[in-house]
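Proteins get letters first, then strands, A, B, ... in listed order; numbering begins at 1 in each.
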Protein chains: 4
Amino acid sequence: MIAKMRKLPRQTRAHQTVDFILDAAAYILAERGLAGFTTNHIAERAGVNISSLYQYFPNKLAILEALQTRHIATPDDGYAQWLERLRDLSLEEVVRSVVDVALEMHAANPTMHRLFLDTLPRQTRHSHDDFEADRIARIAAILLPKSRAGKDPDMMLFITRHALTWVVHEAVCERPEWLTDPAFRKELVALLVNFLRAD
Amino acid sequence: MIAKMRKLPRQTRAHQTVDFILDAAAYILAERGLAGFTTNHIAERAGVNISSLYQYFPNKLAILEALQTRHIATPDDGYAQWLERLRDLSLEEVVRSVVDVALEMHAANPTMHRLFLDTLPRQTRHSHDDFEADRIARIAAILLPKSRAGKDPDMMLFITRHALTWVVHEAVCERPEWLTDPAFRKELVALLVNFLRAD
Amino acid sequence: MIAKMRKLPRQTRAHQTVDFILDAAAYILAERGLAGFTTNHIAERAGVNISSLYQYFPNKLAILEALQTRHIATPDDGYAQWLERLRDLSLEEVVRSVVDVALEMHAANPTMHRLFLDTLPRQTRHSHDDFEADRIARIAAILLPKSRAGKDPDMMLFITRHALTWVVHEAVCERPEWLTDPAFRKELVALLVNFLRAD
Amino acid sequence: MIAKMRKLPRQTRAHQTVDFILDAAAYILAERGLAGFTTNHIAERAGVNISSLYQYFPNKLAILEALQTRHIATPDDGYAQWLERLRDLSLEEVVRSVVDVALEMHAANPTMHRLFLDTLPRQTRHSHDDFEADRIARIAAILLPKSRAGKDPDMMLFITRHALTWVVHEAVCERPEWLTDPAFRKELVALLVNFLRAD
DNA sequence: TATGAATGAGCGTTCATTCAT
DNA sequence: CATGAATGAACGCTCATTCAT
């Protein structure tokens, strides 16, 4: 968010402007899709002049990225601690915790998550997934030692990661109510635990 | 492919033209993404006049859809028979068979599959997935009786379906070589069987 | 109609083709206006191939002209005789006769006449009016000697001619039922007779 | 002119742009007819970017309408007063006054009036004539009581209105010099007075 | 800092017309 | 004689972006 912005807003008024723009951008993206996602429309909807928009964002893509970035919780200290605590838990407890986090993350603002999943092609989709991947990778590093010894740990990791991610993603799009349903959480845990624990 | 075409090519020359157009469309989509997917570029690349393009396709979207349709194997008689034969198999055997089919389908032309997954947003993606969904749904109807009794069969089905689909999709995009790797197939089977068979 | 056609249809089948084309042209003109009056649409509506159309008409304009020509009664022998007979009548009788002819001409196919008046700009409107003008001019040559001596006979003629023509035209467009109403005819006669006769 | 514009020009520079566009539009319409009346040509001739044109006019038709509107004198207070004064005049004086106004209106800018009459089909012609119709209708309300009692007053009105309008229109197109010729005015008055006063 | 005005490249699409069969 | 296929020029219009106030 910082990296790609032309200049940082120094006054609160400017902060507002940026927020207006991003809100408008979200609205436009939702309402008219990626094709209708035009700087002119965004500016108009935001009630700011198109030139003002370009004062904060160097180009259209930057808006899209800022939009995505705004909805990813940046990992903080709490995260590191949480990660640390996982080490001492059982496989099932770890998985349960991970699944919980994934569900919570998406349950927080499912419409926004869905927006990106629905309108953006894979290529355009922002680091979001990278972030997630990274986190899950770290977690996996904790998980693997607790799991059966598969031939190719990378492969197990890959499957675990994407199965979880995408089943949640599909739920975001098609069964958002499940995101807070304990039964769903239980099934997800079953899916992963049984896979990792092995036969 | 037929449905959405403006008029059917009658002469072989015309058939060629349509093929050129679709080939070019694939090329353009791969090379410049959905944003660069313009009728003018497609026509130019195809070496046909833009008007010829519009003689066969009523608009841009139709080309995209034709492109997707061209790469879906239409279920045939063999499919029905195969489906029938599943009934008498064990859970594990059924899953194995299903996973095999999924892998084969994508292994056949992974670049093409990836093309769509990478460049098209969910919304634009054609019935392909619907097809797949339908098939997997039928299969699931066979699978469920052989599985543990979950609280919500719909949920189990949902998870099974998307876990398989998307792990394969991600493999298409990032580990295409796995599509023919027996180890990958074995892990996938493990994922699903252990989930369905229960805890 | 003959003059501008590329080749004369020799067989009855060809005659039909030409008729189909003109019928379709009329339909298209009525339904989509002059802007939608395209050779492709006409051919399609006529059920003939576009190339066949071009075998009979050298270009689009020719169709439009043929269409207009088809609906002008070409002056024949009866006309000359009728004209001759006018010479011996009184002013009022002549005017009555002229008004009758004008009304009959337009009453015959008012929708067609209206079509041209509504959709074609003055410039594009075919010789129709020229024809009419010519006839009315001849008639005027008979009328004038029977009328008062105005300062500028050309002017009187101009006014008489256009007043009649356009009042009828407007009636065609907005009060087609008047075209056969004796009261309307009587008023038109009054308009012209009182103008020509008097003070 | 205001109604159909996308946004109002705020700076004088913008005002100029709009004027340039309308001037160019008039030129193009005159020079190449309605068929050649393309937004690209207009913009080029106006020396402004095509996008600027679209910033002020939502589409091609709007330009045409603005062009027509620009040349209709909007009825003002003077008009109402003039109308009032007619009430106390004799039939002949009223008609004379009305004819005068009609002639003056068209004499003011005959080429412009001709432009519309020649190039635009009836359907496309703007409210101009409606305006005129409305005014003449009001006037007719004053005229009729002073006239003979015809069977169908609506019919008399119709004839009076269109005879005047179209004879003037034809004069605009073919005898513009007559618009200021007292003889022409006298003949027009004769046409209408003798019709209304009756036989 | 924010606004109105301007711009050029390009897009999707249709048209009148001609060529090959 | 009639058809299917092809073509190039043009059209209306929008986009992301920059300049002048």
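- The closest donor-acceptor contact from the side chain of A:Ser52 to the backbone of A:Val48 lies at 3.5 Å or more, if one exists at all.
- For the pair B:Ile21 CD1 and F:dA5 P, the computed distance is 12 Å after rounding to whole Å.
- With rounding to whole Å, C:Ile63 atom CD1 is found 13 Å from E:dC15 atom C1'.
- As a whole-Å value, the separation of D:Glu44 CD from F:dG12 C1' is 15 Å.
- At least one side-chain heavy atom of D:Phe57 sits under 4.5 Å from a side-chain heavy atom of D:Val18.
- Comparing D:Phe37 and A:His41 by the nucleotide of DNA chain F whose heavy atom lies nearest to each, the residue mapping closer to the 5' end is D:Phe37.
- Put simply, CZ on B:Arg13 is 13 Å from P on E:dC19, counting in whole angstrom units.
- Although no hydrogens or angles enter the test, the distance criterion places a donor-acceptor pair under 3.5 Å between the side chain of A:Thr119 and the main chain of A:Leu115.
- The side chain of D:Arg6 places an N or O atom within less than 4.0 Å of a non-bridging phosphate oxygen (OP1 or OP2) of F:dT14.
- Taking the charged nitrogens against the carboxylate oxygens, B:Arg125 and A:Asp118 have no contact shorter than 4.0 Å, which rules out a salt bridge.
- Between the side chain of B:Arg6 and the backbone N or O of B:Tyr54 there is at least one donor-acceptor pair closer than 3.5 Å.
- A heavy-atom distance below 4.5 Å is found between the side chains of B:Leu61 and B:Glu65.
- Across all strands, D:Ser52 comes closer than 4.0 Å to base atoms (heavy-atom distances).
- Heavy-atom nearest nucleotides on DNA chain F were determined for D:Tyr54 and for C:Asn49, and the one closer to the 5' end corresponds to C:Asn49.
- Counting only Watson-Crick and G-U wobble pairs whose two key distances fall under 3.5 Å, DNA chain F forms stems of three or more stacked pairs at E:2-21 with F:2-21.
- Comparing F:dA6, F:dG4, E:dA5 against the side chain of D:Gln11 picks out E:dA5 as the nearest.
- The CZ atom of A:Phe20 sits 12 Å away from the P atom of E:dT3 (whole-angstrom rounding).
- Side-chain atoms of C:Arg114 come within 3.5 Å of backbone N or O of C:Cys173 as a donor-acceptor pair.
- Among E:dC15, E:dA5, E:dA2, the nucleotide with an atom closest to any side-chain atom of A:Thr17 is E:dA2.
- Closest to the A:Gln55 side chain, of the nucleotides E:dT13, F:dT17, E:dT1, is E:dT1.
- Partners of B:Thr111 by side-chain hydrogen bond (donor to acceptor under 3.5 Å, both in side chains), not counting sequence neighbours, listed by chain and number: B:Asn109.
- In the set F:dG12, E:dT13, F:dT3, E:dT13 carries the atom at the smallest distance from any side-chain atom of B:Asn40.
- Of the listed nucleotides (F:dA5, E:dG4, E:dT17), E:dG4 has the atom at the smallest distance from the side chain of A:Ser51.
- Contact annotation: side chain of A:Thr39 to base of F:dC15, donor-acceptor pair absent below 3.5 Å.
- Atom OH of B:Tyr56 is separated from atom C1' of F:dT7 by 12 Å (rounded to the nearest Å).
- Atom-to-atom, CZ of D:Arg32 to C1' of F:dC11 comes out at 13 Å; the value is rounded to the nearest Å.
- Nearest to the side chain of C:Thr38, among F:dT3, F:dT7, E:dC15, sits E:dC15.
- What separates CD1 of A:Ile50 from C1' of E:dA5 is a distance of 13 Å, to the nearest Å.
- Contact annotation: side chain of B:Asn59 to base of E:dG12, donor-acceptor pair absent below 3.5 Å.
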